[in-house]
Amino acid sequence: MAILSEIDTLAKASLALERGEISAVELTQACLDRCEALEPRLSSFLALEPEKALDVARLADAGRRSGDAVSAIAGVPLAVKDIIDVEGMRSTGHSRLYAQRLASRDAEVVARLRAQGAVIVGKVTTNEFAIGAHDGDALAPNARNPWNVDHTPGGSSSGSGVSVASGEVFGALGTDTGGSIRVPAAFNGIVGLKPSRGLVSIRGVMPLSESMDNVGPMARTVEDVAILLDAMTFQVNQGTAETVRALESFHARANAIPQNASYIRVRDFDHLLPEAHLTALDKAEDVLEGCGVRRKRSHFKDLEELDAISAVIATAESWSYHRIRIARYPELYGRDARIKLHIGALISGDDYLLARRRQAELVRSFESEMGASDILLLPTTIGPAPKLSKTGGMVNFQRWTHAGPNGFANALGGPALAIPCGLEAGLPLSLQIIGRNGSDAQVLGLGHHLARAFAQSSAIPVGF
């Protein structure tokens, strides 16, 4: 595993493979060895597929030896959240309802990664159906935060965050309906992107909320996230299995500062943040202004309403998807998932339609206020990861809000990028920047410069 102390990012892994400094088989075996060493402590993986992973790595090596044109992710070990289908692997949603389900085909985003030679080493844990907290009846243990196993790893893309943060893989796919990429990215000290709505296919992903669901990349750096986003937005010709590059390369633009950019600092949660978090956000403002990004002296007044609207829409849609199954097999759902899903039964059709109409109004207002390269700057979570809650007690609805202001970004539909920005009591802090729909390249460009200013906070946790 000494290999991984030198090659600790996806970009470095890709370059080392390209230069022939290491083979894909050697890199994959190093990651598998790391998984074997860490999984008893971290439980990030629901299922590992070492032989399948090594077979794909051998193909990547053969392609390079023969001089074939290969992608930046060919031979790079990745993990996939267990609500995203990978053909031939278990796809359970971390629920006893689907404990024995095998995916019959790849989700579209997985097909794109595999067409470019990505090595899928296994499926990683999630909250049940991306909504239910782990309890005594969970299908498998939840992942453990590598910074401190007594603190939550966040969710619902918990295994994705932990597997990347601990160096088991170089990147992972997560999903985000109300912060489920950004919160575990924050609590585990990595980078996570909720892309613009519709940029990445959600076909082959177990739905939670059709209107709010997103699939996005999680990795150690903004550059790594941009490389993955390029791969995830490749177009695959199903007839020939050839890939066609997307219209723009996010990686090529990942360090560019967009023209005429400005930002709004969202201060609604400042009174809840520890001092170190406030200091980091102040520093982020200095970095942005040092890059020529102007401060907008206006207030984003619709955050709380949009957050509530996203909750109404997501809750109603999740109930619609699960209502027949949960009526037939209630005992196969965890208690927390059952309670949260049943809330959707209380939302009327009128409530849902009113929420959708008001969402459209507020999105129009936001996009008229914000330029193409403008961003919001705010914390990803309210401070660092809290201690794990005890299982088996009362469902604590107030605890859900600790993760911070995230659902409103799903309602807006634009990109939201979580970036590590320091430590508090030995645990990672995170900020996020949010742009208009379609401004993913601009957000990644600004995020790259912010992340570089906080580079010391992206180290692998001590002991890993």
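Computed from heavy atoms alone, side chains included, the values below leave out hydrogens, waters and symmetry copies.
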Asker: How long is the straight-line distance from CD of Q442 back to CD1 of I257, given to the nearest 0.5 Å?
Answerer: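 Rounded to the nearest 0.5 Å, the CD1-CD separation comes to 13.0 Å.
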
Asker: Apply the test side chain to side chain donor-acceptor pair (under 3.5 Å) to residues N410 and S310: give CA-CA distance (whole Å), side-chain angles for both, the deciding distance (0.1 Å), then the verdict.
Answerer: CA-CA 7 Å; N410 299 74; S310 72; over 6 Å; no

Asker: Working note: M218 + I190, criterion side chain to side chain contact (heavy atoms under 4.5 Å, CB included); need CA distance, chi angles, decisive distance, verdict.
Answerer: CA-CA 7 Å; M218 301 172 72; I190 64 169; 4.1 Å; yes

Asker: Please check this pair: side chain of E108 against backbone of R203, looking for a donor-acceptor N/O pair closer than 3.5 Å.
Answerer: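 No; judged by distance alone, with no hydrogens or angles, the pair does not exist.
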
Asker: Output yes when a side-chain donor or acceptor of K283 lies under 3.5 Å from a complementary backbone atom of A453, and no otherwise.
Answerer: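 Yes: the side chain of K283 pairs with the backbone of A453.
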
Asker: So, do Y329 and Y98 have ring centers that fall under 6.0 Å from each other?
Answerer: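 Judged by ring-centre distance (under 6.0 Å), Y329 and Y98 do not meet the cut-off.
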
Asker: Mind running side chain to side chain donor-acceptor pair (under 3.5 Å) on K123 and T92 for me, showing each step along the way?
Answerer: CA-CA 10 Å; K123 303 292 292 294; T92 70; over 6 Å; no

Asker: I'd like to know if the side chain of N406 and the backbone of G178 have a donor-acceptor N/O pair within less than 3.5 Å.
Answerer: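 Pair absent, no side-chain N/O of N406 close to backbone of G178.
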
Asker: Step by step, would you call L54 with Q29 a side chain to side chain contact (heavy atoms under 4.5 Å, CB included)?
Answerer: CA-CA 7 Å; L54 289 168; Q29 189 61 61; 3.6 Å; yes

Asker: Taking only residues two or more places apart in sequence or in another chain, which ones pass salt bridge (charged side-chain N to carboxylate O under 4.0 Å, His left out) with D85?
Answerer: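 Checked D85 against salt bridge (charged side-chain N to carboxylate O under 4.0 Å, His left out); matches are R101.
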
Asker: For A276, give me all partners under side chain to side chain contact (heavy atoms under 4.5 Å, CB included), at least two apart in sequence or on another chain.
Answerer: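 With sequence neighbours excluded, A276 shows a side chain to side chain contact (heavy atoms under 4.5 Å, CB included) to E424, L429, given in chain and number order.
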
Asker: Any side-chain donor paired with an acceptor under 3.5 Å for S166 and R41?
Answerer: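 Not at all, the side chains of S166 and R41 share no donor-acceptor pair under 3.5 Å.
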
Asker: Of all residues at least two apart in sequence or in a different chain, which pass the side chain to side chain contact (heavy atoms under 4.5 Å, CB included) check with T152?
Answerer: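 With sequence neighbours excluded, T152 shows a side chain to side chain contact (heavy atoms under 4.5 Å, CB included) to F187, A385, P386, L388, given in chain and number order.
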
Asker: I would like to know whether S160 and K81 meet side chain to side chain donor-acceptor pair (under 3.5 Å); could you show each step before the answer?
Answerer: CA-CA 6 Å; S160 301; K81 182 178 179 177; over 6 Å; no

Asker: List the steps and the verdict of side chain to side chain donor-acceptor pair (under 3.5 Å) for T126 and D82.
Answerer: CA-CA 6 Å; T126 172; D82 192 41; over 6 Å; no

Asker: Listed by chain and number, what are the ring pair (Phe, Tyr, Trp, His ring centres under 6.0 Å) partners of Y321, not counting sequence neighbours?
Answerer: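 If we apply the ring pair (Phe, Tyr, Trp, His ring centres under 6.0 Å) test to Y321, skipping adjacent residues, there are no hits.
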
Asker: Tell me the closest heavy-atom pair linking G204 and A107, and the distance in Å.
Answerer: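 Scanning both residues completely, I find the closest heavy atoms to be O-CB, 3.5 Å.
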
Asker: Could you walk me through whether D213 and T175 pass the side chain to side chain contact (heavy atoms under 4.5 Å, CB included) test, one step at a time?
Answerer: CA-CA 7 Å; D213 290 347; T175 64; over 6 Å; no

Asker: Is the closest basic N to carboxylate O distance between D61 and R64 below 4.0 Å?
Answerer: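 Between R64 and D61 there is no salt bridge, as every charged N stays at least 4.0 Å from the carboxylate O atoms.
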
Asker: Determine yes or no for a side-chain-to-main-chain donor-acceptor pair under 3.5 angstrom, with S156 supplying the side chain and N127 the backbone.
Answerer: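 No, S156 side chain to N127 backbone: no donor-acceptor pair under 3.5 Å.
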
Asker: Do we see a donor-acceptor contact under 3.5 Å between the side chains of E317 and S211?
Answerer: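 Short answer, yes.
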
Asker: Output every pair passing salt bridge (Lys or Arg N to Asp or Glu O under 4.0 Å) with a member in residues 150-176, not counting sequence neighbours, ordered by first then second residue.
Answerer: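 Every pair satisfying salt bridge (Lys or Arg N to Asp or Glu O under 4.0 Å) with a residue in residues 150-176: D176-R182.
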
Asker: I'd like to know if the side chain of R197 and the backbone of G413 have a donor-acceptor N/O pair within less than 3.5 Å.
Answerer: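 Not confirmed, R197 side chain does not pair with G413 backbone.
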
Asker: Sequence neighbours excluded, which residues qualify as ring pair (Phe, Tyr, Trp, His ring centres under 6.0 Å) partners of H251?
Answerer: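 Applying ring pair (Phe, Tyr, Trp, His ring centres under 6.0 Å) to H251 gives none.
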
Asker: Does the plane of the ring in H322 sit parallel, tilted or perpendicular to the ring in Y333? Use 30° and 60° as the thresholds.
Answerer: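 It falls in the perpendicular class, over 60°.
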
Asker: Would you please test N437 and V363 for side chain to side chain contact (heavy atoms under 4.5 Å, CB included) and show each step?
Answerer: CA-CA 10 Å; N437 199 321; V363 170; over 6 Å; no

